[in-house]
Every structure is written in C-alpha cells, then in structure tokens.
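Notes for the one structure printed next.
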Amino acid sequence: MTDDLADLLGDPAIEVAPRLLGAVLRHRGVAVRLTEVEAYAGADDPGSHAFRGRTPRTTVMFGPAGRLYVYFTYGMHHCANVVCGPDGEAAAVLLRAGEVVEGIDLARERRPNSSDRDLARGPARLCRALDVDRQQDGADLRLGPVLELGPPPTAGTVRTGPRVGLRQAPDRPWRFWLDAEPTVSAYRPAAPLRPR
DNA sequence: CTACCGATATTCT
DNA sequence: GAATATCGGTAGA
C-alpha cells in the first residue's frame, strides 16, 4: 500500500490538522471519529510544549511524523497528539474531541457517569475512552493506536478559532473543528491566575 | 447553561 | 514556588 499517512503527516501541523477531522483512531476495542483538533508548531509557537526545546516529556515530538505523542498533565490527565512535520520540527496536532463510532459499551465502562456525547468530548476524555496513556507515547500510528484517514472534510464544514486553555499566542486560530458536531468541546479561555 | 474549585505530575522560574 | 494544551462535582441562574 502507498503510505498516505506518512506523506500527509510530513506536512506542517497547520496543514495536517484540518485533514485529521473525520479520521478514525482505533485502540483497544474503541474507535473515535475526530471532530476537533489543534495544531502546535515547534520553535515558532510559544504555546507548544516544544517551544523551549526538547525535554524528556517532549522527546517524541522531535522524532519522525506518524507517531503518537502522549503527555500527562494537571497531575491526572493524559492528552494525545499526532506528531507531524518534517523530522526535527517538533510539530504535532492535539486530538481534542471525537465521536465514539465503535466499542461504545467499552467506552461507557471506561467513562462511567458520562453521557454518550461526552465520552470523547475533550482531550483527556478522548484518551480515557480509548485507554491511551503514557504507554502509547511514541507508538507508531500504523501499528496501534491505529489512525485511519478518511476523505478530506467537505468544503465549508471546517471551522477555526483560538486554541483552548492557552495564554500564549491566543491570536492564532489553530483550533479546527467540524461544524454542527455535538461532540466538539466547549471553548474555555485559559484559567485566570488565582491568588494562592 | 455558567462559575468556581480541588486534584496534583511535570516543567519552568 | 508557581503555571499548566483538564476534568468532574457542586452551586446557582
């Protein structure tokens, strides 16, 4: 087979991101159709984990495209990205939300007290529904978790806006989502600083 | 629906 | 010491 995945993911994050909308990520019995993503670049992007250079956490971002970058944050949540861009550019696309299209019973077990709409609505929820954690950091997306591209989104269905929860570079409209999808997460600006 | 708040590992200052 | 690519619970409109 021609390696469509590698070809596409070699492009910059800003180009890869909208192309991932509608793609399906499958892992451990659950499949999610992506409805919302965010692009993160490297050295030029203050909002990116890779902005200040390579750390143990971000090593995978600096590697080849086509792998999963999974990080642990807020002391309890995992978030997954598709590494893209040319080798060394440290670009990635955060998978923010999706619709569970297979294994919904399993996803419900992993996320009790959640409505079906909320099963993968948010980056940490999506990881929980797919049972993705740091063990999948660096995983090859052709082997698993498996990423299956669909056709490009229909013209006019992709919307863009600022990324969620960032104070850095709030002016960049690098969040992409499918219009009229109920599984798209609610926009939340960065948390204000609270006195300690 | 909105607003607040606590949990708490990793990274950065 | 403090911020963070978040979430779930609770309270209130």
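All values below come from the heavy atoms of this structure, side chains included, with hydrogens, waters and symmetry mates left out. Given the structure is predicted, the values throughout are model-derived calculations rather than measurements. Letters A, B, ... mirror the listed sequences (proteins, then strands); counts begin at 1.
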Q) Using a cut-off of less than 4.0 Å, is there contact between a side-chain N or O of A:Arg188 and OP1 or OP2 of B:dA3? A) no
**Q.** Distance, rounded to the nearest Å, where A:Asp137 contributes CG and B:dT10 contributes P
**A.** 12 Å
Q: Check whether A:Leu166 and A:Phe176 end up in the same hydrophobic cluster, where Ile, Leu, Val, Met, Phe, Trp and Tyr are linked by side-chain heavy atoms less than 4.5 Å apart.
A: no
Q. What is the distance from CZ of A:Arg121 to C1' of C:dC7, rounded to the nearest Å?
A. 12 Å
Q | Selection from C:dG9, C:dT6, B:dC1 that lies nearest to any side-chain heavy atom of A:Arg117 | A | B:dC1
Q) Should the pair A:Asp137-A:Arg57 be classified as a salt bridge under the 4.0 Å nitrogen-to-oxygen rule? A) no
Q: Consider the side chain of A:Arg52, meaning its heavy atoms from C-beta on, and name the nucleotide among C:dG9, B:dC12, C:dT6 that approaches it most closely.
A: B:dC12
Q: Give A:Arg57 one of three labels, base, sugar-phosphate or nothing, depending on what nucleic acid heavy atoms sit under 4.0 Å from its own.
A: sugar-phosphate
Q) Do A:Arg163 and A:Tyr40 meet the cation-pi criteria used here (NZ or CZ under 6.0 Å from the six-membered ring centre, within 45° of the axis)? A) yes
(Q) For residues A:Ile14 and A:Val164: do they belong to one hydrophobic cluster (side chain heavy atoms under 4.5 Å, members Ile, Leu, Val, Met, Phe, Trp, Tyr)? (A) no
Q. Between A:His77 and C:dC7, is there a side-chain N or O to OP1/OP2 distance below 4.0 Å?
A. no
Q | Length of the line joining A:Arg167:CZ and C:dA3:P, which is rounded to integer Å | A | 7 Å
Q: Could you tell me the separation between the CE atom of A:Met61 and the P atom of B:dT11, rounded to a whole number of Å?
A: 14 Å
Q. In whole angstroms, how far is the C1' atom of C:dA5 from the CZ atom of A:Phe176?
A. 15 Å
Q: Kindly confirm whether the side-chain ring of A:Tyr71 is stacked on the base of B:dT10, judged by centres under 5.5 Å and planes under 30°.
A: no
Q) Taking the side chain of A:Arg96 as heavy atoms from C-beta outward, which of B:dC12, C:dA5, B:dC1 is closest to it? A) C:dA5
Q. How many Å lie between CZ on A:Phe51 and P on C:dA5, as a whole number?
A. 13 Å
Q.
Please determine whether a side-chain nitrogen of the Lys or Arg among A:Glu181 and A:Arg33 lies less than 4.0 Å from a carboxylate oxygen of the Asp or Glu.
A. yes
Q) Taking atom P of B:dT10 as reference, at what distance in whole Å does atom CZ of A:Arg134 sit? A) 8 Å
Q) Given atom CG of A:Asn81 and atom C1' of C:dA5, what is their separation to the nearest angstrom? A) 8 Å
Q) Does A:Arg67 come within less than 4.0 Å of A:Asp140, counting only side-chain N to carboxylate O? A) no
Q: Kindly state whether the ring of A:His49 and the ring of A:Tyr71 have centres lying under 6.0 angstrom apart.
A: yes
Q. How many angstroms lie between CG in A:Asn113 and CG in A:Asp118, if you round to the nearest 0.5 Å?
A. 11.5 Å
**Q.** Stretch residues 38-48 of chain A: residues that reach within less than 4.0 Å of DNA chain C through a heavy atom
**A.** A:Tyr40, A:Gly47
Q | Where DNA chain C forms stems, i.e. three or more consecutive Watson-Crick or G-U pairs with both distances under 3.5 Å | A | B:1-7 with C:6-12, B:9-12 with C:1-4
Q) Side-chain N or O of A:Arg125 less than 4.0 angstrom from OP1 or OP2 on C:dT6? A) no
Q. Using a cut-off of 4.0 Å on non-hydrogen atoms, how would the nucleic acid contact of A:Tyr74 be classed: base, sugar-phosphate, or nothing?
A. base
Q: Could you check which of C:dC7, B:dA7, C:dA5 has an atom nearest any side-chain atom of A:Met76?
A: B:dA7
Could you pull out all donor-acceptor pairs under 3.5 Å where a side-chain atom in residues 122-134 of chain A meets a protein atom, sequence neighbours excluded?
| from | atom 1 | to | atom 2 | distance (Å) |
| --- | --- | --- | --- | --- |
| A:Arg125 | NH1 | A:Arg121 | O | 2.8 |
| A:Asp131 | OD2 | A:Arg28 | NH1 | 3.0 |
| A:Asp133 | OD1 | A:Gln135 | N | 2.8 |
| A:Arg134 | NH1 | A:Val70 | O | 3.0 |

Q: Please test A:Thr55 against A:Thr58 for side-chain hydrogen bond (donor to acceptor under 3.5 Å, both in side chains), starting from the C-alpha separation and ending with a verdict.
A: CA-CA 5 Å; A:Thr55 68; A:Thr58 61; 3.2 Å; yes
